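Here the structure comes first, spelled out in structure tokens, and everything after it is commentary.
Since we're looking at a predicted model, the values are computed, not measured. Along the sequence shown, residues carry numbers from 1.
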Amino acid sequence: MASVPSLASSVNQRVADALASALPDAGASDPLLRRSDRADFQANGILALAKKAKANPRELATTVVEAIDSAGLIQEIEVSGPGFLNITITDKAIVETLAARAADDRLGVPLAAKPGTTVIDYAQPNVAKEMHVGHLRSAVIGAAMVEILEFTGEKVVRRHHIGDWGTQFGMLIQYLLEHPHELDHKAEDGAEVAEVSGEEAMSNLNRLYKASRALFDSDEEFKTRARARVVDLQAGEPETLALWQRFVDESKIYFYSVFDKLDMDIQDPDVIGESGYNDMLVETCKLLEDSGVAVRSNGALCVFFDDVKGPDGNPTPLIVQKSDGGFGYAATDLSAIRDRVGGLGATTLLYVVDARQSLHFKMVFETARRAGWLNEDTKAVQLAFGTVLGKDGKPFKTREGETVRLVDLLDEAIDRAAAVVREKAKDLSEAEITERAEQVGIGAVKYADLSTSASRDYKFDLDQMVSLTGDTSVYIQYAYARGKSILRKADEAGGRKPVAHPELELAPAERALGLHLDHFGELLAEAAAEYAPHKVAAYLYQLSSLFTTFYSECPVIKPEPELTVGENRLFLCDLTARTLSKGMSLLGIRTPEKL
């Protein structure tokens, strides 16, 4: 079905047409339309246009008002102050537009006019290492942006750039070679275990890492063998690669168990780690050196920048290849750009990476531009995120000062949510309470992250996250469940159905809810263009608040309103519930029908 023009875009077009009619020589003019507390919308563009045309702004505003086609859309226009237009929409136009949205599976949200291909680099854990709270934001923000961009029509390619290469693997592989059964999974009776949990896999990896590190630090001969094993790994020696692959496979069991708990879908083909670009590293360096983008400095291959200097005032280069011939992160990241642009046809590269790596990516992107791998048709963007803090505003740590394990954090959120669900549950079985607790707890963690602008730090406060009041996912989930409950009760009471009635006059709470519902498509376009999932969260919270006011002030079932009024209010309930559900799904959060 065709997309539905929003009321704002329709009003904007009519005001723009009137401006062109009043001042034909001025060319296309922006009415600068926005929502207003004085009317439904306010147009502020006349003041600047009058100044440009050397005209009296109030007189120009009056002329524009006379030229506006208000038929079927605008109820009233008032000239205010130095030429502002306060515009009120007809109730009929609001309901008719919402009815058109309700008739569409996409709620009337348009697809992007010129969709491209975005490769999103997010959720980047490290092989043989436990995921901690620092891995949360990349995964949650990246997954939300995947959903938002795909819904707008963008082709999205997921990439999980896991840390699966480096010198530490020499130590791990050598130890496993000398202790070949350390990654085996055995039952108490010694039999092979067919299926391994993520916790068991991580326990194995942790044990092996600690043992190999202790030996590496205490035994010089082992240290020598481990370093030689790194050379074998980089050379692609078959036995070494096979043992390396065991670490990768064992780690994936663990990764996927954590992502599953986070209710995120991670597919194996999307996991392309640092090792995936090994074959390109030499060629990348050659291309950079041959083009003059990179130069040799003290034996290392470097790229220099006029605006990047160290504390001593000397230029700080991006080191692509070290003086000993080894490759750094820059070589891998630049090779990944070549692959994603040349091989995947990316028009946008989106990196959901910690803000503390901003300088590195700034230099990598500039290097890629100088080399011609990024240009006017292909851009790279870092969606930089801040740090997760504890309640005290300091980096989130355990009482012992250790980094908080991500699994422990998620389990605690589910436990807290279970208490909230159990307190509210009236007709839920124990199995349903358990299921809802997972949906509410994981949703609470995700929403707390996504409701904060990515660039800002935020405090991790589970008590606040699972609260039924305030800006939380639980509040939104509860609003959705309330809407579905109202619809069920109406059907059970007398079979009343949601039906739009444009002929009715709307109460203030109905108008406010309707106008906000109509803004959904424009909001999603804005969030996609700015890579700002927090704007979706803010929209959904406001929608839930408006819905709460609506069902408090406008009886839907009891006391029973007139038939058409009741049907229209059920229609608003239904469209609100659908919009909440769709919006929350774009954030990766479930909306249970009963809470």
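Put simply, the side chain of His516 never gets that close to the backbone of Leu513: no donor and acceptor are under 3.5 Å apart. With hydrogens and angles disregarded, no donor-acceptor distance shorter than 3.5 Å links the side chain of Ser467 to the backbone of Asp463. Checked by atom type and distance alone, the side chain of Arg405 never pairs as donor or acceptor with a backbone atom of Glu130 at under 3.5 Å. Although no hydrogens or angles enter the test, the distance criterion places a donor-acceptor pair under 3.5 Å between the side chain of Thr152 and the main chain of Leu149. Between the Lys489 side chain and the Ile557 main chain, no donor and acceptor come within less than 3.5 Å of each other. Judged by distance alone, the side chain of Asp518 and the main-chain N or O of Ser6 form no donor-acceptor pair under 3.5 Å. A distance-only check finds a donor-acceptor pair linking the side chain of Tyr254 to the backbone of Met131 [under 3.5 Å]. With Ser138 contributing its side chain and Tyr122 its backbone, the two residues share no donor-acceptor pair below 3.5 Å. Formation of a donor-acceptor pair under 3.5 Å by the Thr579 side chain with backbone atoms of Leu575 is found in this model.
Considering only heavy atoms from C-beta on, Arg101 stays 4.5 Å or farther from Phe520 through its side chain. Taking 4.5 Å as the limit, some side-chain heavy atom of Leu540 sits within range of a side-chain heavy atom of Leu580. Here the side chains of Lys379 and Phe365 are not in contact, with every heavy-atom distance at 4.5 Å or above. With a 4.5 Å cut-off on side-chain heavy atoms, Tyr531 and Thr348 count as touching. Taking 4.5 Å as the limit, every side-chain heavy atom of Leu107 sits out of range of all side-chain heavy atoms of Leu517.
A salt bridge is defined here as a Lys NZ or Arg NE, NH1 or NH2 lying under 4.0 Å from an Asp or Glu carboxylate O, and Asp461 with Lys391 meets this definition. Using a 4.0 Å cut-off between a side-chain N of Lys or Arg and a carboxylate O of Asp or Glu, Arg158 and Glu150 qualify as a salt bridge. Residues Arg246 and Asp184 are paired through a salt bridge, judged by an N-O separation under 4.0 Å between the basic side chain and the carboxylate. Lys394 has no carboxylate O lying under 4.0 Å from a charged side-chain N of Asp392, or vice versa, which leaves the two without a salt bridge. Salt-bridge check for Arg436 with Glu593: failed, with every basic side-chain N at 4.0 Å or more from each acidic carboxylate O. Look at Lys497 and Asp574 and you find no salt bridge, because none of the NZ, NE, NH1 or NH2 atoms lies under 4.0 Å from a carboxylate O.
Considering all non-hydrogen atoms of both residues, Pro555 and Glu553 come closest at CD-O, 3.5 Å. Nearest heavy-atom pair across Ala128 and Leu172 is CB-CD1, 3.9 Å. Here the shortest heavy-atom pairing between Leu344 and Thr117 reads O-CG2, 4.0 Å. Between Ser473 and Ile589, the shortest heavy-atom distance links the atoms CB-CD1, 4.4 Å. Counting all heavy atoms, side chain and backbone alike, Ala413 lies closest to Leu462 at CB-CD2, 3.6 Å. Shortest non-hydrogen contact noted between Tyr475 and Thr548 is OH-OG1, 3.2 Å.
More than 12 non-hydrogen atoms from other residues, nucleotides or ligands lie less than 6.0 angstrom from CZ of Arg416. A 6.0 Å sphere centred on OH of Tyr329 holds no more than 12 heavy atoms belonging to other residues, nucleotides or ligands.
Aromatic pair His161/Tyr277: centroids less than 6.0 angstrom apart.
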Exercise. When you look at Lys446 and Met264, which way does the side chain to side chain contact (heavy atoms under 4.5 Å, CB included) test go after all the steps?
Worked result: CA-CA 11 Å; Lys446 288 183 175 181; Met264 283 176 52; 4.2 Å; yes
For this session: Under the salt bridge (Lys or Arg N to Asp or Glu O under 4.0 Å) rule, what do Asp449 and Arg137 come out as? Steps first, then yes or no, please.
Result: CA-CA 7 Å; Asp449 195 310; Arg137 301 209 72 186; 3.0 Å; yes
For this session: Output, in order, the C-alpha distance, side-chain angles, deciding distance and verdict of salt bridge (Lys or Arg N to Asp or Glu O under 4.0 Å) for Arg356 and Asp354.
Result: CA-CA 5 Å; Arg356 288 170 290 191; Asp354 193 312; 2.6 Å; yes
For this session: Apply side chain to side chain contact (heavy atoms under 4.5 Å, CB included) to Leu506 and Asn568, showing your working.
Result: CA-CA 10 Å; Leu506 297 178; Asn568 201 58; 3.7 Å; yes
For this session: Dump the intermediate steps for side chain to side chain contact (heavy atoms under 4.5 Å, CB included) on Thr591 and Lys484, then the final yes or no.
Result: CA-CA 10 Å; Thr591 44; Lys484 297 299 286 186; over 6 Å; no
Problem set entry | Derivation of the side chain to side chain donor-acceptor pair (under 3.5 Å) call for Glu522 and Ser9 | CA-CA 9 Å; Glu522 291 173 328; Ser9 64; 4.7 Å; no
Exercise. Does the side chain to side chain contact (heavy atoms under 4.5 Å, CB included) test come out yes or no for Thr332 and Glu274, once each step is laid out?
Worked result: CA-CA 6 Å; Thr332 303; Glu274 296 170 54; 4.2 Å; yes
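Screening Leu98, Leu515, Asp40 against Leu7 for a side-chain contact (heavy atoms from CB on, under 4.5 Å) leaves a single residue, Leu515. Checked options Asp268, Asp164, Asp260; the residue passing with Lys252 is Asp268 (criterion: salt bridge (charged side-chain N to carboxylate O under 4.0 Å, His left out)).
Note: Phe247 and Phe169 have perpendicular aromatic rings, judged against thresholds of 30 and 60 degrees for the angle between ring planes.
Residues satisfying the salt bridge (charged side-chain N to carboxylate O under 4.0 Å, His left out) test with Asp249, not counting sequence neighbours, are none.
Between the side chains of Ser257 and Glu199, no donor N or O sits under 3.5 Å from an acceptor N or O. In summary, the side chains of Asp471 and Tyr447 do present a donor paired with an acceptor at a separation below 3.5 Å, with no hydrogens or angles considered. For the residue pair Ser585/Glu147, the side-chain donor-acceptor check at 3.5 Å is not satisfied.
Here Phe255 contributes atom CZ and Lys129 contributes atom NZ; the two are 10.5 Å apart, rounded to the nearest 0.5 Å.
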